[in-house]
Amino acid sequence: KYNLQKNDTYVTKSNINQDIQMQAQGRSVDIQAQTGIDVTTAVSELASNSIQLTTTINKMTLTQSVMGRKIHFDSSDPSTYASGSGKLIGDKLNQIIGKSYTKVMDDLGNVKSMDLSHLEEGLKTTGKLSSRDIYVVFPGHAVEVGDSWEATINPKQNSNMVIHVKYTLKKLSGKEAIIGIDAKISGNNLENKDMSLSGVINGEATVDVKTGWTTKVNVDQEVKMNAQTNGMTIPMTISGNITVTSVKK
């Protein structure tokens with residue numbers, strides 16, 4: 001289980017590489033996107049079977065290639081959002097740099113509540129922060145190497161999106177546990193919009209046995225969705241890789 005102390009602080013770096021294929025007005029559009037997110041997470045409150053985590057977004061980068069046209073944004077480099085497309089992205093994403101969101105979970109990792117209100121505008125632009133959806137929910141009983149357990153995660157507000165995860169303890173070595181992740185994604189409403197989606201996430205997480213904190217994640221993701229926009233249905237396939245590293249400050 002999670003065994004954290006108040007004011008424990010972790011610095012986490014996430015990289016999301018995606019290939020997005022969509023059909024719009026009879027045309028095929030292929031988008032390559034790389035997103036980097038650097039955050040600091042602090043244990044802000046501790047109570048009986050309740051852990052409140054406050055995460056502050058320190059930096060974001062976004063590189064997109066659409067039909068041969070490349071866009072690059074780096075919140076730490078003003079020259080990337082001084083004009084043009086970079087400025088349009090920067091006007092949105094820079095609103096969430098330095099902002100925080102909170103998550104309250106029990107000591108097994110089941111999320112009780114999440115407050116993303118300070119990030120709403122930026123999230124409309126990115127649809128990202130996918131890495132925060134990937135964490136380990138523990139089974140509440142002893143397991144041995146080779147054992148599996150399951151959990152259901154509802155990662156997003158204003159959505160009936162569900163991630164059903166099968167975890168497997170693959171290796172236990174000293175202070176670390178390697179846990180396999182085999183997840184299925186489903187839903188038909190996202191941000192209060194009709195959007196049927198299905199997909200899979202496969203990979204593994206490295207967990208600090210003493211604290212329960214996830215120190216590394218490496219997963220592959222493939223999601224198919226049909227987005228409804230202005231009366232049109234736009235089929236999309238999103239495939240890619242997500243890596244996360246997290247160290248105690």
Side-chain angles (χ1 to χ4, degrees), residues 8-20 31-44 53-65 70-81 85-103 105 109 111 114-136 153 155-159 161 163 181 183 185 190-191 199 201 203-207 213-223 238-249:
D8 281 355
T9 303
Y10 294 87
V11 176
T12 303
K13 296 179 179 292
S14 305
N15 287 289
I16 306 163
N17 293 298
Q18 294 178 321
D19 179 72
I20 304 165
I31 303 170
Q32 284 80 45
Q34 297 86 41
T35 306
I37 306 171
D38 293 3
V39 304
T40 302
T41 300
V43 180
S44 46
L53 302 174
T54 299
T55 297
T56 303
I57 300 174
N58 303 320
K59 177 183 174 181
M60 289 189 71
T61 59
L62 176 63
T63 301
Q64 283 189 347
S65 177
K70 195 169 184 178
I71 301 167
H72 177 67
F73 163 81
D74 182 337
S75 64
S76 66
D77 182 357
S79 69
T80 66
Y81 52 88
S85 300
K87 184 176 186 305
L88 292 175
I89 294 171
D91 286 347
K92 298 294 186 182
L93 294 189
N94 280 325
Q95 293 182 38
I96 65 177
I97 302 301
K99 297 288 181 65
S100 301
Y101 63 90
T102 58
K103 177 172 76 174
M105 64 182 186
V111 175
M114 188 176 290
D115 182 4
L116 298 172
S117 57
H118 293 145
L119 307 183
E120 284 178 355
E121 195 60 40
L123 290 179
K124 288 177 185 175
T125 304
T126 63
K128 292 283 191 341
L129 291 192
S130 303
S131 55
R132 72 181 165 79
D133 301 342
I134 302 168
Y135 52 90
V136 176
I153 298 170
K156 296 184 182 298
Q157 294 179 322
N158 301 323
S159 167
M161 178 179 172
I163 303 177
I181 296 172
I185 306 168
L190 191 64
E191 303 295 336
I201 302 172
E204 60 184 31
T206 302
V207 171
W213 191 260
T214 299
T215 58
K216 296 177 188 175
V217 172
N218 189 337
V219 295
D220 294 319
Q221 180 184 54
E222 179 160 330
V223 178
I238 303 171
S239 56
N241 174 262
I242 299 171
T243 59
V244 182
T245 59
S246 188
V247 296
K248 193 169 184 181
K249 192 173 179 180

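Not measured: the values here are computed from a predicted model. Residue numbers run from 1 in the order of the sequence given.
Of the inter-residue distances, the one linking Asn17 atom CG with Gln221 atom CD reads 11.5 Å to the nearest 0.5 angstrom. Distance check: Met114 CE to Thr102 OG1 gives 8.5 Å after rounding to the nearest 0.5 Å. Rounded to the nearest 0.5 angstrom, Lys59 NZ and Ile97 CD1 are separated by 10.0 Å. Here Leu62 contributes atom CG and His72 contributes atom NE2; the two are 9.0 Å apart, rounded to the nearest 0.5 Å. Atom CD1 in Ile96 sits 7.5 Å away from atom CD1 in Ile37 (nearest 0.5 Å). In this structure, the separation between CD on Gln64 and CD on Gln32 is 10.0 Å, given to the nearest 0.5 Å.
The two residues Phe73 and Gly90 come nearest to each other via the heavy atoms CE1-CA, 3.5 Å. Counting all heavy atoms, side chain and backbone alike, Gln95 lies closest to Lys99 at O-NZ, 3.0 Å. Contact detail for Asp74 and Thr80: the closest heavy-atom pair is N-OG1, 2.9 Å. Contact detail for Gly203 and Val219: the closest heavy-atom pair is CA-CG1, 3.9 Å. Between Tyr10 and Asp8, the shortest heavy-atom contact is CE1-CB, 4.1 Å.
With Ser75 contributing its side chain and Met60 its backbone, the two residues share a donor-acceptor pair below 3.5 Å.
Checking Thr12, Thr215, Thr214, Thr206 one by one against Ser246, the side-chain hydrogen bond (donor to acceptor under 3.5 Å, both in side chains) holds for a single residue, Thr12.
Ser65 meets the side chain to side chain donor-acceptor pair (under 3.5 Å) test with no other residue; sequence neighbours excluded.
Considering only heavy atoms from C-beta on, Asp38 stays 4.5 Å or farther from Val11 through its side chain. Using a 4.5 Å cut-off on side-chain heavy atoms (C-beta onward), Leu53 and Val43 make contact. For the pair Ile153 and Val111, the minimum side-chain heavy-atom distance is 4.5 Å or more. Considering only heavy atoms from C-beta on, Trp213 comes within 4.5 Å of Thr41 through its side chain.
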Lys70 and Thr63: CA distance, side-chain angles, deciding distance, side-chain contact (heavy atoms from CB on, under 4.5 Å) verdict: CA-CA 7 Å; Lys70 195 169 184 178; Thr63 301; 3.6 Å; yes
